[in-house]
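Values below: all heavy atoms of this structure, side chains included; hydrogens, waters and symmetry mates excluded. If you read the sequence from its start, that first residue is 1, and numbering goes on from there.
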Amino acid sequence: MRQRRPAGTKARITNWRPSWLSGGAADKQTYAKYNGNSDLVTASGTSYPTGFSAAFVGMRSVSMGWTDTGSGNYDYNVVAVYNYNQPKDLGRTTYAFAFHEGKPVVLINQTMEGPDNWTVAKDTTLKSRFVEIVNGK
């Protein structure tokens, strides 16, 4: 189902860089952001956004895909993707900022083997900040 976003949502999301990417406890982690052109490659070998085609959320197969605006026909319409590959291929942490049934949701994926499984992120600060950006705050 297509949903209209508030005016300016695309620009706010495109220019947003979550604070945890550049300070605090994550200082030693470098997150790469999908730039809209070249796939973002993770330590597991999965590339995004092409890897969304085989996505699971909570071990349930879903349609997931990239959209510039958050509007689209996927179960999860992704507007931003950030990835951190741990040194020596010990793991990865990938965040997808998306819209599910018209509502903003933050997903996290640390899958290294098996199905590409996403779960809803538990970080309430991250989720609430994403909602604020979507709502123009």
Nearest-0.5 Å distance, CD1 of residue I133 to OG of residue S128: 10.0 Å
Donor-acceptor under 3.5 Å (T69 side chain, S71 main chain): yes
Remaining members of the apolar cluster that contains V81, side-chain heavy atoms under 4.5 Å: Y34, L40, Y48, F52, V57, V62, M64, W66, Y76, V78, V105, L107, W118, V120
Pairwise distance OG1(T125) to CZ(F130) - rounded to 0.5 angstrom: 15.0 Å
Identified side chain to side chain donor-acceptor pair (under 3.5 Å) counterpart of N109 within the set D116, T46, T94: D116
Beyond-backbone contact of T42 with N85, side-chain heavy atoms, under 4.5 angstrom: yes
Contacts of type side chain to side chain contact (heavy atoms under 4.5 Å, CB included), residue F56, not counting sequence neighbours: S61, P115, N117
Between CD on residue Q110 and OG1 on residue T119, distance to nearest 0.5 Å: 7.5 Å
Short side-chain donor-acceptor distance under 3.5 Å, N77 and T67: no
Value rounded to 0.5 Å, distance of CE in M112 from CZ in R92: 7.5 Å
Test item: K33 side-chain N/O and A80 main-chain N/O as donor-acceptor pair under 3.5 Å: no
Identified ring pair (Phe, Tyr, Trp, His ring centres under 6.0 Å) counterpart of Y82 within the set F97, Y95, Y31: F97
Min side-chain heavy-atom separation I108-T93 under 4.5 Å: yes
Test item: H100 side-chain N/O and D75 main-chain N/O as donor-acceptor pair under 3.5 Å: yes
Where G91 and A43 come nearest, the two heavy atoms and their spacing: O-CB, 3.6 Å
